[in-house]
Protein chains: 4
Amino acid sequence: MLMKLDFGSDVPIYQQIRNQIVNAIASEKLLPGDKIPAIRVMADEAGVNMMTVNKAYALLKQEGYIKSERRGGTVVAEEFGKGGLGEGLRERLRVIASEARLAAVSEEEFIKLCGKLYRGEI
Amino acid sequence: MLMKLDFGSDVPIYQQIRNQIVNAIASEKLLPGDKIPAIRVMADEAGVNMMTVNKAYALLKQEGYIKSERRGGTVVAEEFGKGGLGEGLRERLRVIASEARLAAVSEEEFIKLCGKLYRGEI
Amino acid sequence: MLMKLDFGSDVPIYQQIRNQIVNAIASEKLLPGDKIPAIRVMADEAGVNMMTVNKAYALLKQEGYIKSERRGGTVVAEEFGKGGLGEGLRERLRVIASEARLAAVSEEEFIKLCGKLYRGEI
Amino acid sequence: MLMKLDFGSDVPIYQQIRNQIVNAIASEKLLPGDKIPAIRVMADEAGVNMMTVNKAYALLKQEGYIKSERRGGTVVAEEFGKGGLGEGLRERLRVIASEARLAAVSEEEFIKLCGKLYRGEI
DNA sequence: GTGGTCTAGACCACA
DNA sequence: GTGGTCTAGACCACG
């Protein structure tokens, strides 16, 4: 669980952590039931404040990606929401598709990229 | 140019305005050379402060989507950067693909959605 | 006297006109005593408002680069201020030198460029 | 970081602030990684509004000279764009060279001045 | 009438 | 405590 954080980015650090964990789960680098590093450990490794990691975990928990174990640890959830694509996700995707189109990325290229990212190939 | 703004969202208003204009250009509701509403007009219509619209326009200008004409008015640029998909865009897309996958959206569904959004069908 | 104007630039149009005339005089494409196009003519050719050309000419006159003829025309002045480099010019040059240095332009390159521009070679 | 501002100048205050910071970086009075004053502090010291300083910083950030650190504070960037002299910079330099020539500054004097400014000697 | 700039406040997210 | 965002005004330069 090496976090690559960009402190100069406009994306909040807790969001970057959240995103990378979501990516890790989707690409099956983290499997359901796998243990996630303790807050203190992750904070030390990443060189950030514990509050920041705590916020990321709280967000992931609220979204249903992870859950607290009875013993104290935190693990990847066994089941995720099957709610399909939310409205928020669709709007975010729409903006990206627009930007890609205006950047002269062809539909074929774009589709291919979407597929590769979905399958975790890149 | 009716803006649909969500004042409760965590995405800044100026970003929402920026996104909707990018979408409008990509879906050809706004064509190169078309005039976009004056800052004050848009501010009045959207019920936000002039400076907020100003910031959105400044961002769009910096990104090359629009340009001020110096004789009054702001227009959609004739040419956009043909730089292809930037690294930032890819990372944003990766997170969305991950979330879709974990929301039990099949690859086929996801690809179909990407295509529709790219073509501006929905 | 073909003006190349960029209406999308942040430099005011009257300044662009003024700059190009100064450049033309310095590179001896316009010689002392040469007649400068009438305001109306220049405005038509450049596709701008007469007031804009008028403002450019007024600025050039105030700076001593051109002067009105008794008959009504406007000509390049015979003598320019021998005042040396003003403080304002030096500060503008300082900023450019700083930007060049930070853009990794070597001192040699920079000096060479300054010389070529001074001699009007490029 | 004392700003010398000319409130009567036609160059915007935020530009003056931007220019002086660029000069400070180029002359190594500010080194990569150095912290620059907080927006509010600089605003107080300079006697201007926070938003004005904010705009200057935003510009510098966009140009890659500084970056916000997300843990409080803004620092001088470690690496600058090595893009060489842009077209805009050349045109600005051309006008200055023309003005210098017409002010009867000899090529030798001009070159010497350019060198000194580049090296930060004056 | 347009965008550009500036002020004097305020609230919030982030770390 | 930091930067980010937003408001409600105002004046000015430009064309």
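Computed from a predicted structure; not experimentally measured. The chains referred to below are lettered A, B, ... by the order of the sequence lines, with proteins before strands, and numbering in each begins at 1.
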For D/Pro32 and D/Glu78, the nearest pair of non-hydrogen atoms, with its separation, is CB-OE1, 3.7 Å

key: Whether D/Arg101 side chain and C/Ala26 backbone form a donor-acceptor pair below 3.5 Å   = yes

Those residues at least two apart in sequence (or on a different chain) that pass side-chain hydrogen bond (donor to acceptor under 3.5 Å, both in side chains) with D/Asn23 are C/Ser98

Contacts of A/Ala77 meeting side chain to side chain contact (heavy atoms under 4.5 Å, CB included) (sequence neighbours excluded), chain-then-number -> A/Phe80

So the side-chain hydrogen bond (donor to acceptor under 3.5 Å, both in side chains) pairs with at least one residue in residues 39-60 of chain C (sequence neighbours excluded) are none

Closest heavy-atom pair, A/Val22 versus B/Leu102, reported as atoms and distance to 0.1 Å, is O-CD1, 3.9 Å

Residues passing the side-chain hydrogen bond (donor to acceptor under 3.5 Å, both in side chains) test with A/Lys61, sequence neighbours excluded, are A/Ser68

Span of DNA chain E engaged by chain D, first through last nucleotide within the 4.0 Å heavy-atom cut-off, is E/dT5 to E/dA15

**Asked** If only atom types and distance count, is the side chain of D/Arg94 paired as donor or acceptor with the main-chain N or O of C/Leu117 below 3.5 Å?
**Response** no

Determine: side-chain N/O of B/Arg70 to OP1/OP2 of F/dC14, distance under 4.0 Å, yes or no.
-> no

The answer to which of D/Thr74 and B/Met51 contacts DNA chain F further toward the 5' end, by nearest nucleotide, is D/Thr74

Residue pairs meeting side-chain hydrogen bond (donor to acceptor under 3.5 Å, both in side chains), one or both in residues 27-37 of chain B, sequence neighbours left out, come to B/Ser27-B/Lys29

Residues pairing under side-chain hydrogen bond (donor to acceptor under 3.5 Å, both in side chains) where one sits in residues 5-16 of chain B, two or more places apart or in two chains, turn out to be none

Under a 4.0 Å heavy-atom cutoff, the residues of residues 36-50 of chain B touching DNA chain E are B/Ala38, B/Ile39, B/Arg40, B/Met50

Closest heavy-atom pair, B/Leu30 versus B/Ile36, reported as atoms and distance to 0.1 Å, is CD1-CG2, 4.0 Å

For A/Arg18, the salt bridge (Lys or Arg N to Asp or Glu O under 4.0 Å) test, sequence neighbours excluded, returns A/Glu63, B/Glu99

Contacts of A/Glu87 meeting side chain to side chain contact (heavy atoms under 4.5 Å, CB included) (sequence neighbours excluded), chain-then-number -> A/Arg90, A/Glu91

Residues of residues 11-23 of chain C with a heavy atom under 4.0 Å from any atom of DNA chain F, listed by number, are C/Pro12, C/Ile13, C/Tyr14

Pairs under 3.5 Å (Watson-Crick or G-U), crossing ones as [ ], inter-strand ones as |: DNA chain E comes out as ||||||||||||||.

Note: for C/Lys55 and D/Lys61 on DNA chain F, the residue whose nearest nucleotide lies more 5' is D/Lys61

Note to self: Counting the atoms with a prime plus P, OP1 and OP2 as sugar-phosphate, which does B/Asn54 contact under 4.0 Å by heavy atoms, base, sugar-phosphate, or nothing?
What the structure shows: base

Judged by nearest nucleotide, the residue sitting upstream toward the 5' end of DNA chain E, D/Arg71 or B/Ser68, is B/Ser68

